[in-house]
Amino acid sequence: GLEDPARRLALEAAATRHARAAIAAVTAGEVVPRHRRLFDHLARLAARPLPDATPLPEAAPEAALLDRCGAALSDVLRGLADPVKLLFEGDGAEQVYRDSPAYAAANQVLAVLAEAAAPPTGRLRVLEIGAGTGATATAVLAALDAARIDYWFTDIGRSLVERARGRIPAQHFAVLD
């Protein structure tokens, strides 16, 4: 995960390279107003020294997602690409939330905490706000007694909620903003 200094440096180096490419490709006048702060942040990131790092293996979920999103930064800045769609299209974000060592560990901690907090009898009612790709829901639901649970899977993104139906063993799915 990001606690691994080599992995963190590799991600920082890749992010810096993508920031430099986007800043070189887009002028300030081309940036749509809603992405002005992103452009300013990328300019600061691009100005930093490039970390000396060994690249992550292409199979690393963070590397694949960073490369896909980083390659589209210039289109995002110009308003030609939707950053949320870019982030969640395919299964890149899902792989990060499920398979990245840091997220996998966090999901397991949440599952253990949910199991420990559950009363010994009666119904369990869980409302997950911002369930996204379902990685946390999957871990928590696996740790709890399915016969006793009412699990609400919610997210602001309708497409994320629809993708979760049939994949996540929650009882209720809803868009929640």
Side-chain angles (χ1 to χ4, degrees), residues 1-107 110 128-139 153-165 167-168 173-177:
L2 295 181
E3 65 281 353
D4 175 1
R7 190 179 196 94
R8 184 180 50 74
L9 279 175
L11 289 170
E12 284 181 22
T16 300
R17 284 190 295 277
H18 286 299
R20 287 179 178 176
I23 293 300
V26 179
T27 65
E30 293 176 284
V31 178
V32 295
R34 70 180 178 276
H35 296 314
R36 184 72 203 164
R37 285 180 45 209
L38 172 61
F39 181 78
D40 293 343
H41 175 74
L42 290 171
R44 287 189 300 275
L45 179 61
R48 293 184 354 201
L50 188 64
D52 183 23
T54 302
L56 284 174
E58 288 186 24
E62 302 96 331
L65 184 62
L66 180 60
D67 284 344
R68 185 178 79 230
C69 293
L73 268 175
S74 59
D75 285 343
V76 168
L77 290 168
R78 291 182 181 112
L80 302 174
D82 177 359
V84 175
K85 183 178 179 186
L86 183 64
L87 183 62
F88 289 105
E89 72 185 357
D91 63 353
E94 184 176 337
Q95 284 182 330
V96 169
Y97 290 125
R98 184 189 62 226
D99 300 337
S100 167
Y103 282 107
N107 288 334
L110 286 171
E128 184 177 355
I129 299 172
T133 65
T136 300
T138 300
F153 182 103
T154 69
D155 197 90
I156 193 171
R158 181 171 306 284
S159 63
L160 292 171
V161 172
E162 292 307 317
R163 272 184 70 178
R165 288 185 198 274
R167 288 188 319 110
I168 308 297
F173 295 86
V175 173
L176 179 63
D177 184 354

For residues [X] and [Y], report the shortest heavy-atom separation together with the two atoms involved.
X	Y	result
R20	A46	NE-O, 3.0 Å
A22	L42	CB-CD1, 4.5 Å
C69	L86	CA-CD2, 3.8 Å
F153	G132	CZ-O, 3.5 Å
A104	R98	CB-O, 3.7 Å
N107	A135	ND2-CB, 3.6 Å

ask   = Rounded to the nearest 0.5 Å, how far apart are CZ of R163 and CD of E94?
value =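 Here the rounded value is 5.5 Å.
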
key: Separation of L110 CG from T136 OG1 (nearest 0.5 Å)   =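 So the OG1 of T136 and the CG of L110 are separated by 5.5 Å.
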
Report yes if some heavy atom in the side chain of [X] is under 4.5 Å from a heavy atom in the side chain of [Y]; otherwise report no.
X	Y	answer
I23	F39	yes
I129	I156	no
P101	E62	yes
T138	I168	yes

ask   = Does atom CZ of R165 have more than 12 heavy-atom neighbours from other groups under 6.0 Å away?
value =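 Counting neighbours around CZ of R165, more than 12 heavy atoms of other residues, nucleotides or ligands fall under 6.0 Å, so yes.
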
task = Might you confirm whether atom CZ of R167 has over 12 heavy atoms from other residues, nucleotides or ligands at distances under 6.0 Å?
result =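 Result for CZ/R167: enclosed.
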
For residues 71-83, please give each side-chain donor-acceptor pair under 3.5 Å, one per line with the distance, not counting sequence neighbours.
{"unit_1": "R78", "atom_1": "NE", "unit_2": "E30", "atom_2": "OE2", "d": "3.1"}
{"unit_1": "R78", "atom_1": "NH2", "unit_2": "A25", "atom_2": "O", "d": "2.6"}
{"unit_1": "D82", "atom_1": "OD1", "unit_2": "V84", "atom_2": "N", "d": "3.1"}

query = Under a 4.0 Å N-O cut-off, is there an ion pair linking D40 with R36?
reply =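 Answer for the salt bridge query: yes.
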
Expected list for residues 12-19: side-chain donor-acceptor pairs under 3.5 angstrom, two or more places apart:
{"unit_1": "E12", "atom_1": "OE2", "unit_2": "R8", "atom_2": "NH1", "d": "2.9"}
{"unit_1": "T16", "atom_1": "OG1", "unit_2": "E12", "atom_2": "O", "d": "2.8"}
{"unit_1": "H18", "atom_1": "NE2", "unit_2": "D67", "atom_2": "OD1", "d": "3.0"}

request  = Could you note down all residue pairs passing ring-ring contact (aromatic ring centres under 6.0 Å, His included) where residues 72-101 supplies at least one of them, sequence neighbours left out?
outcome  =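 Those involving residues 72-101 are Y97-Y103.
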
query = Short question: side chain of T154, backbone of V175 - any donor-acceptor pair under 3.5 Å?
reply =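 Here the side-chain-to-backbone pair does not exist.
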
